[in-house]
A.B. asks: 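Structure incoming, see below.
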Number of protein chains: 2
Amino acid sequence: MWTLYTSTLDKENMEKIAKRSTYRHGDLHRALLEAAIELARKGGKNAIVLREVTRQAGVAPNAAYRHFEDLGSLLRAVSMAAQAQLADAMEKELATVKPSGNKAEDARARLRAVGTGYLTFAQSEPGLFRMAFSEHADMSNATHPASTGHGGLTPFQILSGALDDLVSAGELPAERRVASEFLAWSAVHGLAMLLIDGPMRGSGQAQAEALGQRLIDMVERGL
Amino acid sequence: MWTLYTSTLDKENMEKIAKRSTYRHGDLHRALLEAAIELARKGGKNAIVLREVTRQAGVAPNAAYRHFEDLGSLLRAVSMAAQAQLADAMEKELATVKPSGNKAEDARARLRAVGTGYLTFAQSEPGLFRMAFSEHADMSNATHPASTGHGGLTPFQILSGALDDLVSAGELPAERRVASEFLAWSAVHGLAMLLIDGPMRGSGQAQAEALGQRLIDMVERGL
DNA sequence: AGATTAATGTGTACAGCGTCCACAAATGCT
DNA sequence: AGCATTTGTGGACGCTGTACACATTAATCT
């Protein structure tokens with residue numbers, strides 16, 4: 001006989017815990033990943049606790065080891081999923097840019113949208129955003145398929161595309177194009193971090209948004 | 001009778017563990033803080049483990065609770081100490097700027113030095129740098145005395161000073177001065193994070209330095 | 001179809017963690 | 001000298017990640 005586990009947080013989310021009538025779960029890998037993502041969303045990286053993840057999936061703690069080498073491996077998977085969601089947020093913001101007919105103007109608007117989407121996601125999903133850029137080994141997964149959104153691109157690739165457009169629209173000299181991803185990325189990433197984790201945490205959304213637009217102005221001028 | 005604790009890492013740093021012949025330690029608060037700082041320096045935030053800190057100080061785990069409310073309190077203290085060290089690194093870099101007689105040129109050079117010091121510290125002490133900007137409640141300790149370097153200023157205040165100089169040298173319009181700390185800070189902070197934790201970790205120091213200077217160029221142009 | 005192998009989940013156990021409580025030892029105050 | 005306060009100890013509790021042996025089910029091969 002095997003028993004089902006119950007969460008310590010059962011009071012409010014008992015209904016979320018997957019009950020199961022078969023010995024095999026069926027799709028435990030996905031269930032674990034989704035539970036972990038949800039925990040990260042609500043409580044940040046420290047909230048991802050292997051035993052709680054398995055509790056929510058309705059399996060014994062050790063079952064996780066059949067699908068992830070260890071906790072770090074699960075965290076990396078969450079990180080990539082978070083990048084994918086970030087990519088979606090960026091593309092969603094990109095989609096709001098209506099072509100004006102002016103190629104240069106549109107390219108700039110798209111770059112701005114990329115930055116705005118990044119900042120918006122960071123503030124609306126701080127837990128996931130933090131996960132997106134921790135636990136990396138190198139920049140290899142900046143182009144890893146698991147980190148892509150529905151458009152098939154990672155956040156890094158979306159930004160690269162916007163910068164390429166800027167060049168072909170004649171708004172960015174080619175000699176400044178190289179490695180400019182890192183410059184734009186740094187600025188927006190830094191503001192995102194300072195807004196959610198850093199010393200300007202707690203400043204209102206209006207103030208944050210205004211600051212975000214000024215930051216993007218700075219990048220546009222300075223690139 | 002009371003026994004002294006020994007670290008699990010005794011093999012190589014037995015000599016570092018404070019032995020003690022008196023029941024009272026004498027300066028345990030400082031000893032704990034310094035041990036925690038050292039752990040953060042070597043292994044990052046996750047390496048700060050209360051029991052290991054007390055082991056290195058040669059006291060029982062619970063002794064820490066006479067000097068810090070809990071682990072979080074100790075982490076905040078380390079964070080402030082890290083900010084202080086960052087301030088020192090920035091001031092050290094500032095000190096290398098020789099006055100040229102040209103006020104405008106000097107103000108720009110000092111702003112660049114502030115950014116360079118920031119980036120240099122982040123790369124030479126990544127563990128401490130990460131601690132400096134985590135575990136904050138708000139921006140109140142951006143000006144907290146415990147976060148100041150030997151010059152009596154926090155990193156934030158040093159940056160503010162450099163920007164004020166830029167204005168009085170006529171190199172930055174006054175209407176752009178307001179909140180410009182956050183713009184400059186964001187850019188440099190973001191690059192620092194991406195260099196040490198993010199996807200461009202592992203890129204050589206030369207490349208990082210070149211990128212840093214290009215980023216500072218961008219800020220100068222775009223502010 | 002039946003047997004064997006592989007995949008997946010369980011149970012038990014261990015060391016380490018942060019923290020609570022009661023107690024011991026040293027210091028400071030009147 | 002006596003007492004109150006501060007500082008450190010010892011033991012316990014519930015939690016964590018994970019190793020190992022075992023149980024159950026699904027897949028593969030005769």
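Protein chains get the first letters and strands the later ones, always in sequence-line order, with residue 1 at the start of each.
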A.B. asks: Whole Å only: how far is the OH atom of Tyr65(B) from the C1' atom of dT9(D)?
C.D. replies: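 Result: 15 Å.
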A.B. asks: Taking ring pair (Phe, Tyr, Trp, His ring centres under 6.0 Å) as the definition, give me every residue that meets it alongside Phe129(B), ordered by chain and number, with sequence neighbours left out.
C.D. replies: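 For Phe129(B) the ring pair (Phe, Tyr, Trp, His ring centres under 6.0 Å) partners, ignoring immediate neighbours, are Tyr118(B), Phe133(B), His189(B).
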A.B. asks: Closest approach to the side chain of Arg66(B), judged atom by atom: which nucleotide of dT10(C), dT7(D), dT18(D) is it?
C.D. replies: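 The closest nucleotide is dT7(D).
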A.B. asks: Would you kindly give the CD-to-P distance between Glu52(B) and dT19(C), to the nearest whole Å?
C.D. replies: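 Spelled out: CD on Glu52(B) to P on dT19(C) is 16 Å.
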A.B. asks: Which sits closer to the 5' end of DNA chain D, Ile48(A) or Ala63(B), going by the nucleotide each is nearest to?
C.D. replies: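 Nearest nucleotide further toward 5': that of Ala63(B).
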A.B. asks: Is there a side-chain contact between Leu119(B) and Glu209(B) in this structure, where contact means two heavy atoms from C-beta onward sitting under 4.5 Å apart?
C.D. replies: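 SC-SC contact between Leu119(B) and Glu209(B) ruled out.
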A.B. asks: What verdict does the side-chain hydrogen bond (donor to acceptor under 3.5 Å, both in side chains) test give for Gln213(B) and Thr116(B), after you've listed the backbone C-alpha separation in whole Å, the side-chain angles of each residue and the deciding distance to 0.1 Å?
C.D. replies: CA-CA 8 Å; Gln213(B) 293 308 307; Thr116(B) 302; 3.3 Å; yes
A.B. asks: Of the options dT9(D), dC17(C), dG8(D), whose atoms approach the side-chain atoms of Val49(B) most closely?
C.D. replies: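 The closest nucleotide is dC17(C).
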A.B. asks: Check the distance between dG9(C)'s C1' and Leu32(A)'s CG and give it to me in whole angstrom.
C.D. replies: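 These atoms are roughly 11 Å apart.
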A.B. asks: Quick one: Arg20(B) CZ to dG8(D) C1', roughly how many Å, whole number?
C.D. replies: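 It works out to 7 Å between those atoms.
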A.B. asks: Rounding to an integer number of Å, can you tell me how far Leu50(B) CG sits from dG8(D) C1'?
C.D. replies: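 Computing the Leu50(B):CG to dG8(D):C1' distance gives 14 Å.
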A.B. asks: Please list all pairs passing the ring pair (Phe, Tyr, Trp, His ring centres under 6.0 Å) test where one or both residues lie in residues 42-73 of chain B, with sequence neighbours left out.
C.D. replies: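 Pairs touching residues 42-73 of chain B that pass the test: His29(B)-Phe68(B).
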A.B. asks: Between Asp70(A) and Gly26(B), name the one whose nearest nucleotide on DNA chain D is closer to the 5' end.
C.D. replies: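 The residue whose closest nucleotide sits nearer the 5' end is Gly26(B).
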A.B. asks: Please report, rounded to the nearest Å, how far the P atom of dT9(D) is from the CZ atom of Arg55(B).
C.D. replies: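 These atoms are roughly 14 Å apart.
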A.B. asks: Between His29(B) and dT7(D), is there a contact of a side-chain N or O with OP1 or OP2 at under 4.0 Å?
C.D. replies: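 No, because none of the side-chain N or O atoms of His29(B) sits under 4.0 Å from OP1 or OP2 of dT7(D).
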A.B. asks: Which pairs, with at least one residue in residues 117-131 of chain B and sequence neighbours excluded, count as a salt bridge (charged side-chain N to carboxylate O under 4.0 Å, His left out)?
C.D. replies: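 Listed by first then second residue: Arg41(B)-Glu125(B), Arg130(B)-Asp197(B).
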A.B. asks: Please report, rounded to the nearest Å, how far the C1' atom of dT18(D) is from the NE2 atom of His67(A).
C.D. replies: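 Rounded to whole Å, this separation is 16 Å.
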A.B. asks: Round to a whole Å and report the spacing from NE2 of His25(A) to C1' of dA23(D).
C.D. replies: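 It works out to 19 Å between those atoms.
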A.B. asks: Hey, are the side chains of Phe121(A) and Asp88(A) touching, using non-hydrogen atoms and a 4.5 Å cut-off?
C.D. replies: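 Sidechains of Asp88(A) and Phe121(A): no contact.
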A.B. asks: Taking N or O atoms only and anything under 3.5 Å, show me the protein contacts with nucleotides 11-14 of chain D, one pair per line.
C.D. replies:
| from | atom 1 | to | atom 2 | distance (Å) |
| --- | --- | --- | --- | --- |
| dG11(D) | O6 | Asn62(B) | ND2 | 2.8 |

A.B. asks: N/O contacts under 3.5 Å, protein versus nucleotides 1-6 of chain D?
C.D. replies:
| from | atom 1 | to | atom 2 | distance (Å) |
| --- | --- | --- | --- | --- |
| dT6(D) | O2 | Arg24(B) | NH2 | 2.3 |

A.B. asks: Which listed nucleotide (dT9(D), dG17(D), dT8(C)) is nearest to the side chain of Tyr23(A)?
C.D. replies: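 Nucleotide nearest to Tyr23(A)'s side chain: dT8(C).
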A.B. asks: State, with a plain yes or no, whether a side-chain heavy atom of Asp217(A) is found less than 4.5 Å away from one of Arg112(A).
C.D. replies: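 Of all side-chain heavy-atom pairs linking Arg112(A) with Asp217(A), at least one is under 4.5 Å.
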A.B. asks: Test side-chain contact (heavy atoms from CB on, under 4.5 Å) on Leu75(A) and Ile48(A) and set out the steps.
C.D. replies: CA-CA 8 Å; Leu75(A) 292 178; Ile48(A) 304 186; 3.7 Å; yes
A.B. asks: Who passes salt bridge (Lys or Arg N to Asp or Glu O under 4.0 Å) against Arg51(A), sequence neighbours left out?
C.D. replies: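 Per chain and number, Arg51(A) pairs via salt bridge (Lys or Arg N to Asp or Glu O under 4.0 Å) with no residue.
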